[in-house]
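Just below is one structure, and these are the notes that go with it.
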Amino acid sequence: MEKPKFNIAVTGLNNTDNPGPGIPVIRGLKESKDFDVRIIGLAYENLEPGIYMRDLVDKTYQIPYPSSGKEAVLERIEYINSKENLDFIIPNLDAELYTFIQSKEKLEKMDIRTFLPTMQQFEERHKANLNEYGEKYGIKVPLSKSITSRRDIDELKEDFEYPLLVKGKFYDAYLAYTPEQVNTHFNKISAKWGLPVIIQEFIRGTEVNVIALGDGHGNTVCAVPMRKQYITDKGKAWGGITIKDEKMLELTRNLIRQTKWRGGMELELIKTNQNEYFLIEINPRIPAWVYLAVAAGQNLPEALIKLAFGMDVPNYSEYEVGKMFIRYSFDLIGDIAQFGSLSVTGEM
Amino acid sequence: MKLKRNVAVSENGFLFNPETGDSFIVNPIAKEILNYLKEGYDIEKINQLILDRYEVDLVTLEKNMEDFLKMLQHNELLDR
């Protein structure tokens with residue numbers, strides 16, 4: 001039987017030292033034995049490395065930042081769709097998810113599918129709502145508080161002990177030992193990511209993560225736990241290993257069962273020396289280390305497409321323990337003509 | 001006292017704990033002790049086997065064995 005071929009648009013081609021998940025997602029899709037893909041890269045900047053990886057990305061279009069407004073993004077998608085006849089979009093960056101979730105119906109009218117969490121699922125797991133989230137779903141979470149002004153910093157000593165974490169609403173987290181350090185981090189983070197800034201209790205332990213895919217009906221389609229082995233100064237995993245941890249898997253399955261999570265996700269957890277697990281963050285999208293899960297036997301990007309198109313999804317209950325990933329940097333060679341084409345026409 | 005069932009020790013003394021992702025390199029005697037533990041031998045029996053094979057007095061062996069077992073416990077390699 002002939003394999004179906006999907007035209008899939010993928011964002012997050014920034015395969016830098018703070019990598020977006022786009023390229024590993026594409027690697028997973030290309031490895032599917034059940035369908036073929038033509039990959040349309042959606043890029044924000046001309047120097048996102050994925051644009052220049054021609055063996056993985058067939059064509060790239062620039063798109064406006066989500067801050068330009070939903071209409072501007074949709075207008076651009078409409079144009080791209082007229083050229084590429086898109087079947088599916090996989091948005092891979094936190095900051096753009098709101099726009100794409102909100103635009104679900106409009107995209108469907110263009111015959112473009114997505115497989116994303118609902119707005120309620122997306123909103124309730126925000127870092128700023130972590131206390132309520134933990135209570136609602138019976139998961140231990142560190143005490144968190146949103147602050148919007150430097151004046152709030154003095155009052156933190158009533159609820160928190162130092163050190164504590166200062167986090168941006170989308171990205172960035174810094175450890176602060178004094179109110180002065182909180183002040184510095186507050187200024188830096190609020191300038192970059194806006195308000196609120198989240199203050200979080202610092203839990204000592206090992207950071208472990210789970211990548212998972214929920215089918216939107218409470219079933220966990222994929223779930224692979226990982227421990228970071230090498231962390232960059234930006235706090236990103238540069239190396240990691242799959243581990244066998246039934247408690248983490250149970251916690252993930254429970255959460256997906258209760259929330260009926262739809263789409264990819266990453267749970268960031270701290271495992272304490274007392275073997276307790278604290279949920280510190282839920283990323284509502286596929287994480288950049290997704291290819292480790294593919295290599296361990298669970299092709300999450302492929303399963304995502306299969307779910308969206310009603311194809312049979314394998315029952316991923318197993319994965320290989322002790323699979324490792326190690327990132328590396330590599331000098332891609334491009335040509336000024338490519339850069340010029342993208343700069344002038346917004347496509348390449 | 002038993003080594004966790006899923007802890008793997010390779011021929012060259014590389015030990016991997018799949019539950020935590022930790023890995024260690026152990027010397028040949030540690031590897032030997034780990035294999036005895038894996039087979040379910042008790043500490044008394046292991047001490048006797050080591051005493052028979054190596055030139056070591058009981059006091060030194062027991063002290064070192066205790067330290068080693070504490071280290072295994074600390075690294076979550078033993079069944080509780």
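Letters go in sequence order (proteins before strands), and every chain restarts at 1.
Neither the backbone nor the side chain of A/K247 comes within less than 4.5 Å of any heavy atom in chain B. With a 4.5 Å cut-off on non-hydrogen atoms, A/E246 does not touch chain B at all. The contact between B/N6 and chain A is made entirely by side chain atoms (from C-beta outward), counting heavy-atom distances below 4.5 Å. Contacts of B/T20 with chain A are made by both backbone and side-chain atoms, with heavy-atom separations under 4.5 Å.
Checking A/N254 against A/Q258 by side-chain atom types alone, no donor-acceptor pair falls below 3.5 Å. Side-chain contact annotation: A/T16 with A/N14, donor-acceptor N/O pair under 3.5 Å absent. Inspection of the A/Y277 and A/E250 side chains reveals no N or O donor paired with an N or O acceptor under 3.5 Å. Using modelled atom types, one finds a donor on one side chain and an acceptor on the other under 3.5 Å when comparing A/Y291 with A/E31.
Residue A/L267 forms a side chain to side chain contact (heavy atoms under 4.5 Å, CB included) with just one option from A/T252, A/I280, A/I256, and that option is A/T252.
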Could you list the donor-acceptor pairs under 3.5 angstrom formed by side chains in residues 316-323 of chain A, with sequence neighbours left out?
residue	atom	partner	partner atom	Å
A/Y316	OH	A/N299	N	3.4
A/Y319	OH	A/I243	O	2.7

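Residues of residues 235-242 of chain A that come closer than 4.5 Å to chain B, counting heavy atoms only, are A/I241, A/T242, ordered by residue number.
Around atom CG of B/L51, more than 12 heavy atoms belonging to other residues, nucleotides or ligands sit under 6.0 Å away.
A/A303 and A/V313 make their closest contact through CB-CG1, 4.0 Å (heavy atoms, listed as atom of the first residue, atom of the second, distance).
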